[in-house]
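For reference, the structure discussed in these notes is given below.
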Amino acid sequence: MKPSLPQGTRDFGSDVVRKRHYIFNTIKTAFELYGFQPLETPAMENLETLMGKYGEEGDKLIFKILNNGLNDPKNIEKSRAAFANVLEGKNDKNLTERALRYDLTIPFARYVAMNHGQLTFPFKRYQIQPVWRADRPQRGRYREFYQCDADVVGSRSLLNEVELTNIYSTVFEQLCIPVEIRLNSRKILAALADSAGGSEKMMDITIAIDKLDKIGLEKVQEELAERGLDAPQIAVVANYLSIANRAGDNDWVLGELQKLFSDNATGKTGLDELTYILSQTKDLSSVNKIIIDPTLARGLNYYTGTIYEVKAVGVKIGSIGGGGRYDDLTGLFGVPNIPGVGISFGVDRIYDVMEELKLFPAAVEQGTKVLFFNLGEEESKAAYALLQDVRRAGTPAEIFHESQKFDKQFKYAEKKSIPYIVIIGSSEIVEKTAVIKDLRSGQQQKVAFDELARFNFV
RNA sequence: GUGAUUGUAGCUCAGCUGGUUAGAGCACUAGAUUGUGGUUCUAGGGGUCGCCGGUUCGAACCCGGUCAGUCACCCCA
C-alpha cells in the first residue's frame with residue numbers, strides 16, 4: 001500500500017518542530033510568568049461530556065470513536081439498532097461513547113467539576129495539547145491542531161481579564177506578530193438583543209453581526225430579516241453597527257455605546273467592564289492594538305461576559321486566538337457557581353502567520369552548533385575525544401560520519417545550518433591545536449586542544 | 001457537511017485542439033579540484049503523469065469514481 005496521512009493531519013520535520021517549539025515555549029513561559037499551573041487531560045473524553053457544549057454546528061464537528069466489539073455475536077442486534085439510531089442523526093452509546101477532545105475548555109471544566117473539593121481557588125491553569133475537529137481542511141484550518149489555553153476559575157474579578165489581555169499582548173509582542181486584540185462583551189450584545197427583538201433573538205443577531213466586516217451591512221440586514229427580525233428591529237441593529245465603523249477609536253466607540261444603552265443595566269455593566277479593562281491595559285507599549293469591537297460575537301454559547309479574539313494584521317487567516325468569560329461552565333457538570341475566564345492561542349495558525357511574515361529568528365532553526373570534520377581514522381579518534389569535551393560543556397556537536405572530501409563535509413554543515421566546523425588533521429594533531437571555522441563569516445582561527453571546549457560557540 | 005478548482009521528477013512548473021522515446025530550472029550524483037564549502041564549467045541518474053476504471057487504433061490530455069491539496073459557504077484556532 002501507499003502510505004498516506006488522514007485528511008487535515010500533518011507530519012512535522014525537524015525544522016518545523018523547532019519553530020513550533022519556539023512558539024510553545026514563548027507561550028508557556030508567559031503562562032508560567034503569570035502564575036498559571038500546567039494541566040493535561042486525555043485525548044478522548046466521554047461523548048456526553050462534549051456533546052451540546054459547542055452549539056449545533058460544534059456537535060457535528062466532534063470526532064467520535066467507534067466502540068470495540070460491535071461485531072461480537074452477542075452485541076450484533078444492539079449494534080444494528082444503534083446504527084439505525086445514528087442514521088437518524090442521534091448518538092447511541094451502543095455504537096459510540098467516546099470522542100476526541102474538541103477544545104481544552106470543556107475538558108478543563110470537567111476536571112474542575114470533578115476536583116473542585118481539592119482545588120484552591122482562584123484556580124489558574126494552562127494547558128497545551130492538541131484538539132481535533134472534523135472540519136473540512138483549508139488554509140489555517142486543520143483537523144488536528146494545538147491550542148494553548150490559560151483559564152482562571154473561581155473569581156469574578158476583572159483583574160483576571162486584565163491579566164489575560166496582558167498575556168496576549170506580551171506573547172505576540174515577543175513573537176513580533178502585529179495583532180489586533182479585539183474585545184467585546186456578551187452583556188453588550190445581550191443589551192442589543194433586548195432592544196431589538198428580545199433575548200431569545202440574541203443568537204440570531206450575534207451570528208449575523210459577526211459577519212459585518214466580511215459581507216457588509218446590507219447582507220447582514222438581509223440575514224437578520226431571514227432570521228425573523230422586523231424592520232424596526234433591524235434598524236436598531238443597523239444603528240448599533242454604525243458604531244463599528246469607527247472601531248479602533250475606543251473612547252468614541254465606548255461613548256456611543258454608552259448613549260445607546262444608558263437605560264440598560266446589563267449593557268451598562270458590560271461597558272463599565274470593558275472601560276476598566278481598557279484603562280488597565282492602555283499604557284502597554286506595544287505594536288499590538290487593543291480594539292473594542294461591537295461586532296465581535298463568537299459562536300461558543302457558554303460565554304457570558306468579556307469576549308476576546310486576536311487577529312494577525314496583514315495576514316488573511318482566521319483568528320489566532322480567542323476566549324472569554326463564562327459564569328457557570330462547571331454547572332454543566334453539576335457543580336454550580338464557579339465562574340471563570342480564559343484565553344486560547346492557536347499555535348498552528350500562529351505558525352502560518354509567522355512563516356508568511358518571515359518572523360522566525362534564524363537561530364531557532366539551529367540544532368547542532370559544531371561539526372567536527374572527519375579526516376581519517378587517527379584524526380577522527382582525536383576529534384572524537386575533543387567532541388565529547390565540547391558536548392560536556394553543553395554545546396550540541398557532532399562528527400561527520402565518515403572520512404570524505406571537504407566538499408561533502410562542508411555541504412553537510414551548510415544544509416543543517418551548523419555555524420561552526422572544526423578541522424583536526426595530522427598537522428593539527430602534531431601541534432595540538434584545532435582549526436575552528438565560522439561558516440557564516442568564513443573566518444577561521446587556531447585554538448589549543450585543551451581550550452576548545454571553552455570556546456564560545458555562538 | 002455543500003459547491004468549485006487543482007494534482008506531471010525531491011521542489012517550482014511547462015506540455016498547443018488526444019498522436020512516436022513526457023520537458024525546463026533548482027536540487028541530487030560524478031568529474032574539473034588529494035586539507036577549505038557557498039561561484040563556475042562538463043557529464044549523469046531520476047517520472048506507475050495522485051489512484052482505480054471507462055471511451056479510443058492511440059489518453060498526462062476526454063468521461064466516471066476515489067484520495068489529497070486549495071478556495072467559497074458553514075463554522076472556527
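Heavy-atom basis, side chains included; hydrogens, waters and symmetry copies ignored.
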Output the rounded distance in Å from [atom1] ([X]) to [atom2] ([N]).
| X | N | atom1 | atom2 | result |
| --- | --- | --- | --- | --- |
| A:Asn374 | B:G35 | CG | P | 13 Å |
| A:Tyr102 | B:C75 | OH | P | 11 Å |
| A:Phe373 | B:G35 | CZ | P | 12 Å |
| A:Asp210 | B:C73 | CG | P | 13 Å |
| A:Lys60 | B:C74 | NZ | C1' | 9 Å |
| A:Asp204 | B:C75 | CG | C1' | 16 Å |
| A:Glu56 | B:G1 | CD | C1' | 13 Å |
| A:Gln404 | B:U34 | CD | P | 14 Å |

Just to verify, what does [X] make a ring pair (Phe, Tyr, Trp, His ring centres under 6.0 Å) with, not counting sequence neighbours?
| X | answer |
| --- | --- |
| A:Phe457 | A:Tyr420, A:Phe455 |
| A:Phe63 | none |
| A:Tyr111 | none |
| A:Phe31 | A:Tyr126, A:Phe345 |

Tell me, yes or no, whether the heavy-atom count around A:Met51 atom CE, taken from other residues, nucleotides or ligands under 6.0 Å, exceeds 12.
yes
Would you say CD of A:Glu200 has more than 12 non-hydrogen atoms from neighbouring residues, nucleotides or ligands within 6.0 angstrom?
yes
Per-nucleotide protein contact string for nucleotides 36-46 of chain B (B base, S sugar-phosphate only, - none; heavy atom under 4.0 Å)
BBB--------
Scoring nucleotides 65-72 of chain B by protein non-hydrogen atoms under 4.0 Å (B base, S sugar-phosphate only, - none) yields ---SSSBB
Contacts of A:Leu87 that satisfy side chain to side chain contact (heavy atoms under 4.5 Å, CB included) - sequence neighbours left out
A:Phe83
A:Lys381: what forms a side chain to side chain contact (heavy atoms under 4.5 Å, CB included) with it, not counting sequence neighbours?
A:Glu378
Write down the protein N/O and nucleotide N/O pairs, taken from nucleotides 7-11 of chain B, whose separation is under 3.5 Å; answer none if there are no such pairs.
none

Quote, to the nearest angstrom, the [atom1] distance that separates [N] from [M].
| N | M | atom1 | answer |
| --- | --- | --- | --- |
| B:U56 | B:A43 | P | 46 Å |
| B:G45 | B:U2 | P | 48 Å |
| B:A30 | B:G69 | C1' | 37 Å |
| B:G31 | B:A22 | C1' | 29 Å |
| B:G10 | B:G53 | P | 23 Å |
| B:C73 | B:G15 | C1' | 35 Å |
| B:C52 | B:U70 | P | 24 Å |
| B:A68 | B:C28 | P | 33 Å |

Is any side-chain nitrogen or oxygen of [X] closer than 4.0 Å to OP1 or OP2 of [N]?
| X | N | value |
| --- | --- | --- |
| A:Lys211 | B:C73 | no |
| A:Lys415 | B:C28 | yes |
| A:Lys408 | B:G35 | no |

What side-chain hydrogen bond (donor to acceptor under 3.5 Å, both in side chains) pairs are there with at least one residue in residues 349-358 of chain A, not counting sequence neighbours?
A:Lys19-A:Glu355, A:Arg139-A:Glu356, A:Tyr142-A:Asp352, A:Tyr351-A:Glu355
Is any NZ, NE, NH1 or NH2 atom of the basic residue among A:Glu431 and A:Lys446 found under 4.0 Å from an Asp or Glu carboxylate oxygen of the other?
yes
Examine A:Arg125 relative to A:Phe108 and say whether NZ or CZ is less than 6.0 Å from the centre of the six-membered ring and inside a 45° cone about the ring axis.
yes
For A:Phe449, does the six-membered ring have the charged nitrogen or CZ of A:Lys432 within the cation-pi criterion, i.e. under 6.0 angstrom from the centroid and within 45° of the normal?
no
Got a sec, which pairs hit ring-ring contact (aromatic ring centres under 6.0 Å, His included) with one end in residues 3-23 of chain A, sequence neighbours left out?
none
Could you tell me whether [X] contacts a base, only the sugar-phosphate backbone, or nothing, with contacts defined as non-hydrogen atoms closer than 4.0 Å?
| X | value |
| --- | --- |
| A:Asp348 | nothing |
| A:Ile215 | nothing |
| A:Gly425 | base |

Checking contacts here: which listed nucleotide (B:A77, B:C75, B:G31) is nearest the side-chain heavy atoms of A:Leu61?
B:C75
Got a minute to check which stems RNA chain B is part of, using Watson-Crick or G-U wobble pairs under 3.5 Å, three or more consecutive?
B:1-7 with B:67-73, B:10-13 with B:23-26, B:28-32 with B:40-44, B:50-54 with B:62-66
Is there a side chain to side chain contact (heavy atoms under 4.5 Å, CB included) between A:Arg227 and A:Glu223? Walk through the geometry before answering.
CA-CA 6 Å; A:Arg227 288 175 179 274; A:Glu223 180 153 347; 3.1 Å; yes
So, taking the atom named CD1 in A:Ile424 and the one named CD in A:Glu379, what distance separates them when rounded to the nearest 0.5 Å?
9.5 Å
Before we go on, tell me: are the rings of A:Phe372 and A:Phe400 under 6.0 Å apart, centre to centre?
no
